[in-house]
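Notes to accompany the following structure.
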There are 2 protein chains.
Amino acid sequence: MKTDTSRYVKELVETIGVVVEKAGFQPAVGRVLACLMVSDPPYKTFDEIQRYLGISKSAVSNALNALMSREMVDYITKPGVRRRYFQLATAGMISQMKKRLSLHSAMPELLRAVVEARSNKYPKFNRSLLETSEFLSFMEKEISGAIDKWEALKAKKL
Amino acid sequence: MKTDTSRYVKELVETIGVVVEKAGFQPAVGRVLACLMVSDPPYKTFDEIQRYLGISKSAVSNALNALMSREMVDYITKPGVRRRYFQLATAGMISQMKKRLSLHSAMPELLRAVVEARSNKYPKFNRSLLETSEFLSFMEKEISGAIDKWEALKAKKL
DNA sequence: TGGTTGGTTCTGTACTTGCAGAACAAAAAG
DNA sequence: CTTTTTGTTCTGCAAGTACAGAACCAACCA
């Protein structure tokens, strides 16, 4: 209990917050996520989060809703108590990461369309564009293969 | 020649621009990149780019420098002519993509540090955090393996 | 010497982001 | 009913982004 208030852990929260932020989330979202990671017990109420991070209610509310909409956080309630206990949903975190990694981008297709539209006067350049497209397709397939591999591994371990 | 001014191609440029933008670049950067993709011949001067896209010189200058600093664009010159001919550097594009995909994020390590700092009162939660960390490490390794595989494939084809 | 070309850098500004703080809402407690 | 608890939503602002336009600069040109 309260192993999460030490100087070291608070720094950890900041660091993780920044990493999450760089992954494209808002600063406050990263802090809230990190706060729930170090939280001991692994859940916190709305205003525990607020006081832990020293940010406004609206920031906490927005962050929690952003995270819940991505299923990276959920909450439990205790019978007869209205208050919610928010906690990290690691399963959701992992599937969110899978989704991000899958990068089913439109790019490979668009590059093929570009080559299709180009003249054939610069075959070397066209070849390069196609290779770029192929690289992306290749990586997409490999990554989804890796995800399957992970899932198979997990299934076996159970 | 001038296969790049059709309505369809202009739309392609916009679409690609948006995709690049979503990948974290500035709007103008995406447009310039896309413009060089469809350019026929595959190079354009500074002011051809400017007129093609209808944006300001400063926007073009910023975009080109951003792209050149990442080696996604370079330029050639013709003897006795000061003007630069900018062109897509697909090799640089691909290595840029590799770099992005590699995601050597600090996250797995940070998650281990979090678990290290936590009490052992909630072993299930700790286990979940570790699994998240392991998933990321796994994907990192798989992705770098996939990149090696691609490189081996390319090496063989030559 | 001054003018033109090719591009960079500076300045101002419209737009966007991210959050605080306050007002608000719904449920529960008194 | 009134007050408190547990949040949500609205309003406003400070800071950051992205670009236009202009000033600028270096190289070449007449």
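Of the side-chain N and O atoms in A:R84, one or more sit less than 4.0 angstrom from OP1 or OP2 of D:dT8. For C:dG18, the OP1/OP2 oxygens have no side-chain nitrogen or oxygen of A:N62 closer than 4.0 Å. A sub-4.0 Å separation between OP1 or OP2 of C:dT17 and a side-chain N or O of A:Q26 is absent. Proximity of B:R83 to the phosphate of C:dG6: a side-chain N or O atom is located under 4.0 Å from OP1 or OP2.
Rounded to an integer number of Å, the gap from B:E21 CD to D:dC19 C1' is 13 Å. B:F46 places its CZ atom 18 Å from the P atom of D:dA27, with the value rounded to the nearest Å. Per the geometry, NZ belonging to B:K44 stands 17 Å off C1' belonging to C:dG6, to the nearest Å. Atom-to-atom, CZ of A:F86 to C1' of D:dT8 comes out at 11 Å; the value is rounded to the nearest Å. Whole-Å rounding puts the B:Q50 CD to C:dG7 P distance at 11 Å. Per the geometry, CG belonging to A:D47 stands 8 Å off P belonging to D:dG7, to the nearest Å. Straight-line distance from the CG atom of A:L67 to the P atom of D:dT8: 13 Å, rounded to whole Å. The distance from atom CD1 of A:I55 to atom P of D:dT8 is 13 Å, rounded to the nearest whole Å.
Nearest to the side chain of B:S56, among D:dC19, C:dG7, C:dG6, sits D:dC19. For A:S61, the listed nucleotide lying nearest its side chain is D:dT9; candidates were D:dA20, C:dT5, D:dT9. Proximity note for B:S58 (side chain, C-beta onward) versus D:dG7, C:dC19, C:dT9: the nearest is C:dT9. Nearest nucleotide to the side chain of B:P27, out of D:dC19, C:dG6, D:dG7: D:dC19. Ranking D:dT5, C:dA20, D:dT8 by closeness to the A:N65 side chain, first place goes to D:dT8. You'll find that the side chain of A:K57 is closest to D:dT8, out of D:dA18, D:dT8, C:dG7.
Remark: the backbone N or O of A:K57 is not paired with any side-chain donor or acceptor of A:S61 at under 3.5 angstrom. With B:N126 contributing its side chain and B:S119 its backbone, the two residues share a donor-acceptor pair below 3.5 Å. With hydrogens and angles disregarded, no donor-acceptor distance shorter than 3.5 Å links the side chain of B:R118 to the backbone of A:P41. Between the side chain of B:S39 and the backbone N or O of B:C35, no donor-acceptor pair lies under 3.5 Å.
The residue A:L64 sits apart from the nucleic acid: no heavy atom pair falls under 4.0 Å.
Of the residues near DNA chain C, B:M68 and A:G54, the one whose nearest nucleotide (by heavy atom distance) lies more toward the 5' end is B:M68.
Counting all heavy atoms, side chain and backbone alike, B:V19 lies closest to A:L110 at CG2-CD1, 3.8 Å.
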